[in-house]
Amino acid sequence: MLDQSGVWRFRELLPHIPNLEEHAITLREGNTPLYHLPRCARATGVENLLAKHQGMNPTASFKDTGMTFAASSAHQGKFRWVACASTGNTSASMAAYAARGNMHCLVLIPDGKISWGKLSQALDYGALTCQLRTDFDGCVRILNDLVRQKPVYLLNSVNPYRIEGQKTAAIELMEQLAWEPPDHIIVPGGNLGNSSAIGKALVEMRELKLISRLPKLSIIQAQGANPFYRCVREFGGKKLEPMTADTLATAIRIGNPASWKKALRVLQATGGEVEQVTEVEIAAAKAEIGADGIGCEPASAVTLAGLKKLRRSGFVKAGESVVLILTGHLLKDPDFTINFHRGDLFTGTTAGTAGEAEAAQAKNLQRAPVVLDADLGAVIAALDAAERSS
Ligand code: F0G
């Protein structure tokens, strides 16, 4: 059973949990596919472009790889309650693993700022879900105070076992590449746990001589939620100035990332870059990944949008190999996708007015549904029109 999990089959490379067989809570996470992105490769001029799709985990985001590990440690510690603050994916994942392990779970999420897909998961898996009238950073503050007063086990990514489990995405990636590292790995940056985990795994794999060199790990943020980008570019990594974050990629709507120091060490150790991308760039990149038949949620698409910028700046060269880490499934946030294709995504925001060239490019990618009478002639006319314009 444990060997069917893409996390636990690497357990020799992870910390030891006593009586593991009795405490492991697994949904057979990990073992996620590595896909070629041929259209995106052509569009970016990077021939060897791959996507490791962590959205193909049991609860449809990368969180499951860390959650199986941390939830198992909570079980081993005989905790009755586990808790997290979340922009949606952590809470969905925690709720599932808590349910499987017969633990109660408390979810703190920002009211109105998480996608329905993620909220619905927490509800079905039976979490006590509190929507707080604040943002993610406000939820974290309340949770940190709560754990000092109540015997609940904290399952946010400051929990070291989350990071340990999430390392396996990088280990599995190297295994899929026959231990031949790519030149670049690109990840989205929110609370910065994932980049820290992947970076830690890379450094450890090199120390163990499983790989002979380190890929450059680059971190991409949304422009409206860019405290880490500013930390590196404006303050030379000396300080992180918290901000009020805003982006339609709600998963990474985070203004005060917990793991920024770890992520900074990872950037320095691997020689990676940090970039920021606009709302329009995110939306266009998401549709492009979709057009390759793969798809992802908005936060994951910052990786492709960031790659385009890193190509323009010359940091990524045409002949180099690149792996994007797609962190969440397309179906996590269907509202974003539908609004984009209908042309409504930026209504009432300032994002739609920025960058005319990008906006035009995004428009080309829109495939709004066509409403027709139930009439064969009308459908044939739509088909012919689509054929002419293809
Ligand atoms: N992509 C997705 C889909 C996410 O859900 C998150 C974070 C990130 C990227 C950023 O990863 O925080 O490790 O830098 N989601 C958290 C949550 C914060 O609560 O679900 P990070």
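Counting convention: from 1, in listed order, for ligands and their atoms alike.
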N/O separation below 3.5 Å, [X] to ligand 1:
X      : value
Ser86  : yes
Asn89  : yes
Asn194 : yes
Gly190 : yes
Gly189 : no
Gly328 : no
Thr87  : yes

**Message:** Within the 3.5 Å criterion, strictly below it, is a donor on Asn89 or Glu297 matched to an acceptor on the partner's side chain?
**Reply:** yes

Considering heavy atoms of the protein only, find what lies nearest to [atom] and give residue, atom and distance to 0.1 Å.
atom                    : result
atom 1 (N) of ligand 1  : Thr327 OG1, 2.7 Å
atom 11 (O) of ligand 1 : Phe62 CZ, 3.5 Å
atom 20 (O) of ligand 1 : Thr90 N, 2.8 Å

**Request:** For the pair Lys150 and Asp145, find out whether any cationic side-chain nitrogen is under 4.0 Å from an anionic carboxylate oxygen.
**Result:**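 Asp145 and Lys150: not salt-bridged.
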
**Item:** Lys/Arg-Asp/Glu bridge criterion (N-O < 4.0 Å) met for Lys309, Glu273
**Value:**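 No, Lys309 and Glu273 are not salt-bridged.
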
**Prompt:** Is Lys332 touching ligand 1 with its side chain, its backbone, both, or neither, if touching means heavy atoms under 4.0 Å apart?
**Reply:**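 Answer for Lys332: neither.
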
**Complete:** The answer for which part of Lys63 has a heavy atom under 4.0 Å from ligand 1 is side chain

**Asked** Hey, quick one: are Leu307 and Val187 part of the same hydrophobic cluster, counting side-chain heavy atoms closer than 4.5 Å, chains of contacts allowed?
**Response**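 No.
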
**Item:** Enumerated ligand 1 atoms positioned under 4.0 Å from heavy atoms of Ile254
**Value:** 18 (C)

**Item:** Atom indices of ligand 1, in the order listed, that fall short of 4.0 Å to a heavy atom of Asn191
**Value:**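 Listed by number with element: 12 (O), 14 (O), 21 (P).
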
**Asked** If every non-hydrogen atom of Ile289 is compared with every non-hydrogen atom of Ala301, which pair is closest and at what distance?
**Response**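 Reported closest heavy-atom pair: CD1-CA, 4.0 Å.
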
**Request:** Using heavy-atom distances, let me know which of Ile252, Val107, Ile219, Thr250 sits nearest atom 10 (C) of ligand 1.
**Result:** Ile252

